[in-house]
J.: 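Let me begin by handing over the structure; questions about it come next.
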Number of protein chains: 2
Amino acid sequence: MSHNTAEINRRLREAGYRVTPQRQLILDAVCELGKHVVPDAVYEVVRRKTPSLSRATVYRTLHFLTEQRILAMVQMADGRVAYEVAGPEPHHHLVCRTCDSFLELPHSVLRTFRQRMDSQYDFEIDVSHVSFFGHCTDCRDAAGA
Amino acid sequence: MSHNTAEINRRLREAGYRVTPQRQLILDAVCELGKHVVPDAVYEVVRRKTPSLSRATVYRTLHFLTEQRILAMVQMADGRVAYEVAGPEPHHHLVCRTCDSFLELPHSVLRTFRQRMDSQYDFEIDVSHVSFFGHCTDCRDAAGA
DNA sequence: ATGGATGCAAAAGTTTTGCAAAGAA
DNA sequence: TTCTTTGCAAAACTTTTGCATCCAT
């Protein structure tokens with residue numbers, strides 16, 4: 001479990017929202033599924049435990065938890081939107097277009113780049129999450145061979 | 001007109017494809033609409049000249065022209081797919097999340113970054129087009145004021 | 001004339017919404 | 001009890017596909 005349930009529940013209640021079994025199930029599902037989790041995958045997982053839980057609730061809850069900064073929205077290679085548990089520090093991904101695997105980049109690798117854009121172009125890059133797409137070693141080797 | 005019609009038509013015919021009024025209209029529309037052009041916007045434009053032109057043809061033609069490297073596919077902030085005329089050299093965008101304006105970055109700014117990813121992470125970033133999202137000076141000032 | 005391209009309409013897939021009912025605080 | 005959240009079903013969108021027809025070559 002990579003999220004602190006008690007702390008999150010406190011935060012939600014403090015902001016006037018309610019802690020429901022559905023919200024907990026959906027958050028657990030995202031957590032369990034890992035990174036780059038699509039709504040449909042969440043739906044499939046939560047449905048096993050609670051068949052009555054609807055798709056609408058999955059979508060509403062993913063939006064809600066993203067607004068609360070408990071989840072983060074990320075983009076996949078094909079343009080689809082996915083989610084993951086938001087860590088305390090932003091991080092970024094190198095996503096392989098061939099095998100869909102990805103490497104995590106520490107925030108620091110973008111820091112220099114961002115500063116350059118800021119001073120050179122007067123543009124502040126939003127670095128909550130950036131995905132770069134390309135090809136990992138394995139797939140490159142496979143293609144080249 | 002930022003594309004060479006004669007040259008493109010030649011290329012298509014040489015590859016065994018046909019040059020149709022629809023394809024020309026759609027390419028002109030993308031050209032006229034500029035950067036980050038969504039399918040629906042293309043459809044609205046071409047429809048004015050040729051009301052019978054169907055959405056299916058817009059989608060099929062955008063895919064086709066992308067395959068032929070005459071157009072390039074780009075991603076927008078909300079995850080939607082858009083298109084633009086493909087230049088000879090890749091370029092990148094700084095897209096403002098507030099006002100949707102964007103700045104064009106020369107390919108060179110990513111070259112260093114890319115080399116670092118390659119040597120450090122064994123990952124070859126696909127740099128045909130990268131969009132960074134954030135906030136331009138104007139919108140930053142407006143928000144900060 | 002020949003086969004690639006188009007139009008139409010229907011399908012498929014994904015996300016949103018209205019509203020009554022349920023249930024967390 | 002109160003008011004947020006949910007489930008259901010339908011709607012809204014976006015994109016794809018089958019097939020007969022059309023038309024660029």
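Chain identifiers are assigned alphabetically (A, B, ...) following the order of the sequence lines, protein sequences preceding nucleic acid strands; residue numbering begins at 1 within each chain. All of these numbers come straight from a predicted model, not from anything done at the bench. Side-chain atoms are counted along with the backbone in the values below, which use heavy atoms only and exclude waters and symmetry mates.
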J.: Return the minimal non-hydrogen interatomic distance between T66(A) and L62(A), and the atom names on each side.
T.: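 So the minimum-distance heavy-atom pair works out to OG1-O, 2.7 Å.
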J.: Which residues pass the side-chain contact (heavy atoms from CB on, under 4.5 Å) test with S108(A), sequence neighbours left out?
T.: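 Here the qualifying residues are P106(A), R111(A).
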J.: For the residue pair C136(B) and C96(B), what are the closest heavy atoms and their distance?
T.: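 Looking at all heavy atoms of both residues, the closest pair is N-SG, 3.6 Å.
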J.: With clusters defined by side-chain heavy atoms of hydrophobic residues (ILVMFWY) lying less than 4.5 Å apart, directly or transitively, does L105(B) cluster with M117(B)?
T.: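 Shared cluster, yes.
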J.: Nearest 0.5 Å, what's the CZ-OG1 distance between R10(A) and T5(A)?
T.: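 That separation rounds to 13.5 Å.
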J.: Quick check on ring-ring contact (aromatic ring centres under 6.0 Å, His included): which of F123(B), Y121(B), F113(B) does F132(A) satisfy it with?
T.: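 Passing option: F113(B).
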J.: Of G16(B) and L53(B), whose closest DNA chain C nucleotide lies nearer the 5' terminus?
T.: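 It is G16(B), whose closest nucleotide lies nearer the 5' terminus.
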J.: Which angle, to the nearest 10 degrees, lies between the helix axes at the two ends of the helix from dA1(C)-dT25(D) to dA25(C)-dT1(D), each defined by five pairs?
T.: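 If I round to tens, the end axes sit 30° apart.
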J.: Let me check something: any side-chain donor-acceptor pairs from residues 31-38 of chain B under 3.5 Å, sequence neighbours excluded? List them with distances.
T.:
| from | atom 1 | to | atom 2 | distance (Å) |
| --- | --- | --- | --- | --- |
| H36(B) | NE2 | H93(B) | ND1 | 2.7 |

J.: For DNA chain D, determine which residues of residues 54-61 of chain B have any heavy atom closer than 4.0 angstrom to one of its atoms, and list them numerically.
T.: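 Here the set is R55(B), A56(B), Y59(B), R60(B).
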J.: What pairs with D122(A) under side-chain contact (heavy atoms from CB on, under 4.5 Å), at least two apart in sequence or on another chain?
T.: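 For D122(A) the side-chain contact (heavy atoms from CB on, under 4.5 Å) partners, ignoring immediate neighbours, are T137(B), R140(B).
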J.: Show me the donor-acceptor pairs within less than 3.5 Å that the side chains of residues 40-54 of chain A make with the rest of the protein, sequence neighbours left out.
T.:
| from | atom 1 | to | atom 2 | distance (Å) |
| --- | --- | --- | --- | --- |
| D40(A) | OD1 | R55(A) | NH2 | 2.6 |
| S54(A) | OG | T57(A) | N | 3.3 |
| S54(A) | OG | T57(A) | OG1 | 3.2 |

J.: Look up atom CG in L27(A) and atom OG1 in T61(A), then write down how far apart they are to the nearest 0.5 Å.
T.: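 Nearest 0.5 Å value for the CG-OG1 distance: 10.0 Å.
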J.: For residues 56-79 of chain A, which residue pairs qualify under ring pair (Phe, Tyr, Trp, His ring centres under 6.0 Å), counting only residues two or more places apart or in two chains?
T.: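 Listed by first then second residue: Y17(A)-F64(A).
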J.: Under 3.5 Å, side-chain donor or acceptor atoms of residues 80-88 of chain A against the rest of the protein: list the pairs with distances, not counting sequence neighbours.
T.:
| from | atom 1 | to | atom 2 | distance (Å) |
| --- | --- | --- | --- | --- |
| R80(A) | NE | D78(A) | OD2 | 3.0 |
| E84(A) | OE2 | H91(A) | NE2 | 2.7 |

J.: Give the first and the last nucleotide of DNA chain C, reading 5' to 3', that has any atom under 4.0 Å from a heavy atom of chain A.
T.: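 Span of nucleotides near chain A: dT14(C) to dA25(C).
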J.: Report the residues that fulfil side chain to side chain donor-acceptor pair (under 3.5 Å) with H107(A), sequence neighbours left out, ordered by chain and then residue number.
T.: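 H92(A).
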J.: Would R11(B) and E14(B) pass as an ion pair if we require N to O under 4.0 Å?
T.: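 No, no charged N to carboxylate O under 4.0 Å.
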J.: I need the L103(A) CG to Q120(B) CD distance, nearest 0.5 Å.
T.: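 Interatomic distance, L103(A) CG to Q120(B) CD, rounded to 0.5 Å: 11.5 Å.
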J.: Protein-nucleotides 22-25 of chain D N/O pairs closer than 3.5 Å?
T.:
| from | atom 1 | to | atom 2 | distance (Å) |
| --- | --- | --- | --- | --- |
| dA24(D) | O3' | V19(B) | O | 3.3 |
| dA24(D) | N3 | R18(B) | NH1 | 3.3 |
| dT25(D) | OP1 | R13(B) | NH1 | 2.3 |
| dT25(D) | OP1 | V19(B) | N | 3.4 |
| dT25(D) | OP2 | R13(B) | NH1 | 3.3 |

J.: Tell me which residues in residues 34-50 of chain B lie within less than 4.0 Å of DNA chain C, going by non-hydrogen atoms.
T.: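 Within this stretch, nothing sits under 4.0 Å of the strand.
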